Protein chains: 2
Amino acid sequence: MQNRQYHHGDLRNSLIEAGIELINREGTSQLSLRKVAALCGVSQAAPYSHFQSKEDLQDAIRDYVIVQFMEVLENSIKDCTDQNNPRLLIQMGKNYVMFFIKNPQYFPFVFSQQCMEVNLSLDGDDTRNFPPFQLLKTKAVPILSKLGMSKEKMEDAIISMWATVHGLASIATMKNVHYNKDWETKIEDIIWNK
Amino acid sequence: MQNRQYHHGDLRNSLIEAGIELINREGTSQLSLRKVAALCGVSQAAPYSHFQSKEDLQDAIRDYVIVQFMEVLENSIKDCTDQNNPRLLIQMGKNYVMFFIKNPQYFPFVFSQQCMEVNLSLDGDDTRNFPPFQLLKTKAVPILSKLGMSKEKMEDAIISMWATVHGLASIATMKNVHYNKDWETKIEDIIWNK
DNA sequence: ACACAATCTTGACACCGTTAAGATTGTAAC
DNA sequence: GTTACAATCTTAACGGTGTCAAGATTGTGT
């Protein structure tokens with residue numbers, strides 16, 4: 001691992017982390033393979049030993065961000081003793097929005113492209129489902145079942161929940177949005193107001 | 001207006017329409033000044049006589065799309081005899097989502113950047129507010145007032161309504177979304193389910 | 001007829017993603 | 001230890017991009 005000539009040692013991960021740094025510093029639109037390579041001190045074509053294309057690197061960075069996102073969501077409900085309390089869903093929703101308010105650059109990056117599978121239906125294949133929505137599904141189904149909700153209504157309700165928090169995150173992370181209240185304390189009121 | 005040498009005649013509008021065509025045909029990411037110029041039969045630098053930058057052209061195209069969008073929203077409620085019927089808000093919401101389902105390319109384009117002002121609060125300056133949200137505001141306030149809703153709750157409710165339909169549009173226009181039902185007939189159920 | 005401003009072209013620059021060809025290095029087999 | 005091989009990285013080049021400077025063309029008003 002000497003003074004790194006040629007072999008970097010851990011270039012793949014370094015490229016991902018440099019990409020994260022670039023997105024945070026200059027925004028999603030400023031992410032480029034050449035800048036990321038330069039940040040890692042390698043030539044412009046070096047990334048192609050680890051990624052097939054820029055989109056491939058973006059996918060890897062996206063996965064990296066989603067892992068962080070999932071940690072936040074899971075931490076937000078791990079203290080709930082009663083896993084059947086509807087408050088659990090509010091907690092998750094609140095943290096969904098706050099994650100992107102705290103990292104506004106991540107929102108257009110995570111949702112810019114087409115790269116993730118989403119299964120909105122309650123039946124069907126969930127194996128490759130977008131992890132945050134899959135988490136909502138698995139947590140919401142038992143809670144709503146206990147409330148006596150039909151399967152049809154349940155599907156609508158779960159989509160509605162995701163749409164609300166996702167839309168709120170989208171709106172709150174827009175650049176020229178003026179809101180004279182504190183998101184952290186208001187999100188809950190807004191979500192409830194359905 | 002002969003056989004257009006040099007002076008095109010209506011290049012500014014032609015560039016905007018060519019941009020629209022390009023977005024519909026190849027997607028937002030494929031929009032480029034040079035392609036748009038080529039579509040209009042002018043040189044690569046010609047657009048700079050009418051737009052300061054690519055972003056400036058994008059803003060003009062965005063305005064053009066938003067005008068179409070506003071026509072759809074206004075048409076969706078012009079037949080409502082009772083302007084105080086809450087159904088009016090559902091109608092608008094449904095058409096908000098359907099506009100982007102019918103034109104999926106427009107969603108990432110209209111909401112990609114930072115160029116529009118948004119005032120979420122009920123007070124404050126609405127003169128340059130994002131027109132679709134401003135329309136929702138002006139229509140929702142009298143309806144919710146008649147229902148006896150407080151101003152504080154009203155603000156939350158209006159934000160919540162926008163978030164829900166906006167999130168629904170965002171989700172429905174994602175590329176790899178699987179939904180085994182018809183959006184047109186289900187949107188209303190999903191919105192109601194709050 | 002002239003002057004001027006608006007409009008458009010040509011040519012260049014830096015940056016970008018991507019590829020081909022080849023150089024360097026770690027590793028496993030002998 | 002030497003040798004072969006695969007992985008990794010570099011250099012050089014291609015076409016595409018936004019942008020700017022210089023100058024050519026044209027409509028318009030004096």
Side-chain angles (χ1 to χ4, degrees), chain A residues 1-63 105 108-109 112-115, chain B residues 1-63 105 108-109 112-115:
Chain A
M1 193 183 282
Q2 307 98 343
N3 211 354
R4 42 189 72 98
Q5 305 159 341
Y6 255 84
H7 286 60
H8 176 285
D10 193 23
L11 184 55
R12 201 191 128 92
N13 286 325
S14 296
L15 291 167
I16 292 174
E17 284 165 17
I20 295 272
E21 188 184 333
L22 207 50
I23 290 172
N24 281 315
R25 183 156 22 108
E26 306 184 15
T28 299
S29 67
Q30 292 303 308
L31 178 68
S32 86
L33 276 179
R34 294 173 106 106
K35 281 184 193 169
V36 165
L39 276 176
C40 294
V42 294
S43 74
Q44 90 256 152
Y48 285 90
S49 293
H50 302 274
F51 301 100
Q52 289 186 359
S53 63
K54 182 187 182 182
E55 200 181 344
D56 196 20
L57 171 62
Q58 281 173 322
D59 289 348
I61 299 177
R62 199 187 330 270
D63 289 345
Q105 323 80 353
F109 180 72
S112 60
Q113 298 290 101
Q114 64 278 11
C115 316
Chain B
M1 196 187 282
Q2 306 99 343
N3 212 354
R4 42 190 73 101
Q5 305 158 341
Y6 254 84
H7 286 59
H8 176 284
D10 194 24
L11 185 55
R12 200 192 131 92
N13 286 326
S14 297
L15 290 168
I16 292 174
E17 284 165 17
I20 295 273
E21 188 185 334
L22 207 49
I23 290 172
N24 280 316
R25 185 157 19 110
E26 305 183 16
T28 299
S29 68
Q30 291 304 307
L31 179 68
S32 87
L33 276 179
R34 295 173 104 107
K35 281 184 192 168
V36 165
L39 276 177
C40 293
V42 294
S43 74
Q44 91 256 155
Y48 285 90
S49 293
H50 301 274
F51 300 100
Q52 289 186 359
S53 64
K54 183 187 181 182
E55 201 182 343
D56 196 21
L57 170 62
Q58 281 174 321
D59 290 349
I61 300 177
R62 199 186 330 269
D63 289 345
Q105 324 81 352
F109 180 72
S112 61
Q113 297 289 101
Q114 64 279 10
C115 316

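First the proteins, then the strands, lettered A, B, ... as listed; each starts at 1. Here the structure is a predicted model, which means the values were calculated and not measured.
- Distance, A:L15 CG to D:dT8 P: 12 Å, rounded to whole Å.
- The nearest whole Å value for the distance from the CD atom in A:Q30 to the P atom in C:dG17 is 11 Å.
- In this structure, OG on A:S32 lies 11.0 Å from CD on A:Q44, to the nearest 0.5 angstrom.
- Among residues at least two apart or in separate chains, there is no side chain to side chain donor-acceptor pair (under 3.5 Å) pair with a member in residues 45-54 of chain A.
- Residues meeting the side-chain hydrogen bond (donor to acceptor under 3.5 Å, both in side chains) test with B:D56, sequence neighbours left out: none.
- Closest contact between the side chain of B:Q44 and the listed nucleotides C:dC8, D:dC9, D:dT19 involves D:dT19.
- Per the geometry, CZ belonging to B:R34 stands 13 Å off P belonging to D:dG15, to the nearest Å.
- At a non-hydrogen distance threshold of 4.0 Å, B:A45, B:A46, B:S49, B:H50 from residues 45-52 of chain B come into contact with DNA chain C.
- Here the P atom of nucleotide C:dC15 and the CG atom of A:L22 are 14 Å apart, to the nearest Å.
- Rounded to whole Å, atom P of C:dC15 lies 13 Å from atom CD of A:E26.
- A straight line from CG of A:L11 to P of C:dT25 spans 16 Å, rounded to a whole angstrom.
- With sequence neighbours left out, the side-chain hydrogen bond (donor to acceptor under 3.5 Å, both in side chains) criterion links B:E17 to no other residue.
- A search for side-chain hydrogen bond (donor to acceptor under 3.5 Å, both in side chains) contacts involving A:N24 returns A:Y106, not counting sequence neighbours.
- The distance from atom CG of A:L33 to atom P of D:dG16 is 19 Å, rounded to the nearest whole Å.
- Under the side-chain hydrogen bond (donor to acceptor under 3.5 Å, both in side chains) criterion, B:N13 pairs with B:D10, not counting sequence neighbours.
- With rounding to whole Å, B:R12 atom CZ is found 11 Å from C:dT7 atom P.
- Contacts of A:S32 with the nucleic acid, taken as non-hydrogen atoms under 4.0 Å apart, involve only primed sugar atoms and P, OP1 or OP2.
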